[in-house]
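Every chain is numbered from 1 and lettered A, B, ... according to where its sequence line falls, protein lines coming before strand lines.
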Amino acid sequence: MGGFSKTITGRVVLRVDEVEKGLLVSLADQVCEFVSPEPRESADPLAAIVGIDMEAEFPDDPAMARLFPDAYPDDPEAALDFRRFTQRSLQENKLAHARTVLQTLSKSGEKITLGAGDVPSWLGFLNDARLAIGTRIEITEENHEELADLPEDDPRHGMFHVYDWLTYLQESLVQLLLPQK
Amino acid sequence: MSSQLDVASPETVTAVDRPWITLVWNDPINLMSYVTFVFMEYFKYDRAKAELLMLDVHEKGRAVVSNGTREEMERDVAAMHGYGLWATLMKDD
């Protein structure tokens, strides 16, 4: 298993085996489901077009709250306003990233070649998936070893290893994108 | 948006026209390299400045990454949320 690499002509490539590819498809599906905006029957159609969601509330789910944090920590009213004017478009952007990843995967074999336009979506998807999983397993800067040593029957065991792999993938992609010093 | 109207009202217009700041907060998930990349890509900071800000976030728990009008800072915060960074805005007073 390797991370992302660049070809001589600068194309970004990821080689995966069948299991890893299946895992990426499944993760992108889950991210799609997770970030999809809730349908609003009462929504003003014009407001919906410009991404305004007057029914948005602070999310109960910690992973959602991490992906869409309060912009004004000391001003709940302004925070809610901000959420109503931004969250829906942010959700739609994240959904578009995950869908692009699914498209790339569906037309690739075990060698995945990213078009230049696909790179931001892959980067965004990897980060969103890590934020969601990392929040679920309650990762901190100190508990990596503890999570890595969990027994296999602990539900967080598998999630941690997926998280760790996504971290490796994301790091390899970022290193390709950062200009050389 | 009501919050933008507030900025234009006379009592909140200050001599310094850029009184709002965007803060990025430390979190255990975002990679140091990724945070540097985001600061370079979105704010067009050079690598040295982006890395200094990233290290401030990592070591001090937060950093001021931009300043401007309230409207500009709301745009920056929304962009940071788009990248998955934990960002907030406040008036610098």
Exercise. Does the side-chain contact (heavy atoms from CB on, under 4.5 Å) test come out yes or no for Asp75(A) and Met90(B), once each step is laid out?
Worked result: CA-CA 10 Å; Asp75(A) 186 345; Met90(B) 61 183 287; over 6 Å; no

Exercise. Which atom names give the shortest non-hydrogen contact between Ser33(B) and Gln175(A), and what distance separates them?
Worked result: CB-NE2, 3.6 Å

For this session: Counting only heavy atoms closer than 4.5 Å, note whether Ala78(B) contacts chain A via side chain, backbone, both or neither.
Result: both

Exercise. Do the side chains of Arg47(B) and Leu178(A) get nearer than 4.5 Å, heavy atoms only?
Worked result: yes

Exercise. What distance separates Tyr168(A) OH from Leu31(B) CG, expressed to the nearest 0.5 Å?
Worked result: 13.5 Å

Exercise. Going hydrophobic residue to hydrophobic residue with side-chain gaps under 4.5 angstrom, can you get from Leu53(B) over to Val35(B)?
Worked result: yes

Problem set entry | Residue part contacting chain B, namely of Asp70(A), when any heavy atom lies under 4.5 Å | backbone

Exercise. For Leu67(A), is it the side chain, the backbone, both or neither that has a heavy atom under 4.5 Å from a heavy atom of chain B?
Worked result: backbone

Exercise. Hey, any chance Met73(B) and Trp25(B) share a hydrophobic cluster, counting ILVMFWY side chains that come within less than 4.5 Å of each other, even indirectly?
Worked result: no

Problem set entry | Smallest separation among heavy atoms of Gly84(B) and Lys94(A), with atom names | N-NZ, 4.2 Å

For this session: Look at Asp27(B), Leu85(B), Thr36(B) and state which one has the largest set of heavy-atom pairs under 4.5 Å with chain A.
Result: Asp27(B)

Exercise. If Ile, Leu, Val, Met, Phe, Trp and Tyr residues are connected whenever their side-chain heavy atoms lie under 4.5 Å apart, and connections chain through other members, are Leu89(B) and Phe58(A) in the same group?
Worked result: no

Exercise. What distance separates Leu123(A) CG from Glu41(B) CD, expressed to the nearest 0.5 Å?
Worked result: 8.0 Å

For this session: Examine whether an atom of Thr167(A) lies under 4.5 Å from a heavy atom of chain B, and if so say whether it belongs to the side chain, the backbone or both; otherwise answer neither.
Result: both

Exercise. Once you round to the nearest 0.5 Å, how far does NE2 of His81(B) lie from CD of Gln91(A)?
Worked result: 13.0 Å

Exercise. Out of Thr135(A), Thr140(A), Ile133(A), Asn127(A), which residue meets the side chain to side chain contact (heavy atoms under 4.5 Å, CB included) rule with Ile29(B)?
Worked result: Thr135(A)

Exercise. Is Arg130(A) reaching over with its side chain to a backbone N or O of Asn30(B), donor-acceptor style, under 3.5 angstrom?
Worked result: no

Problem set entry | Pro69(A) to Trp86(B) - nearest heavy-atom pair and separation | CB-CD1, 3.7 Å

For this session: Report yes or no: do Val13(A) and Leu24(A) belong to one cluster of Ile/Leu/Val/Met/Phe/Trp/Tyr joined by side chain heavy-atom distances under 4.5 Å?
Result: no

Exercise. Relative to chain B, which segment of Arg66(A) carries a heavy atom at a distance below 4.5 Å: side chain, backbone, both, or neither?
Worked result: side chain

For this session: Determine whether Leu173(A) and Tyr34(B) make a side-chain contact, defined as any pair of heavy atoms from C-beta on separated by less than 4.5 Å.
Result: no

Seminar exercise, completed: When the 4.5 angstrom heavy-atom criterion is applied to Tyr83(B) and chain A, the contacting part is backbone

Seminar exercise, completed: To the nearest 0.5 Å, atom OG1 of Thr88(B) lies from atom OH of Tyr72(A) at 10.0 Å

Exercise. Do Glu74(B) and Phe82(A) have side-chain heavy atoms sitting under 4.5 Å apart?
Worked result: yes

Exercise. Glu171(A) versus Met32(B): any side-chain heavy-atom pair under 4.5 Å?
Worked result: no

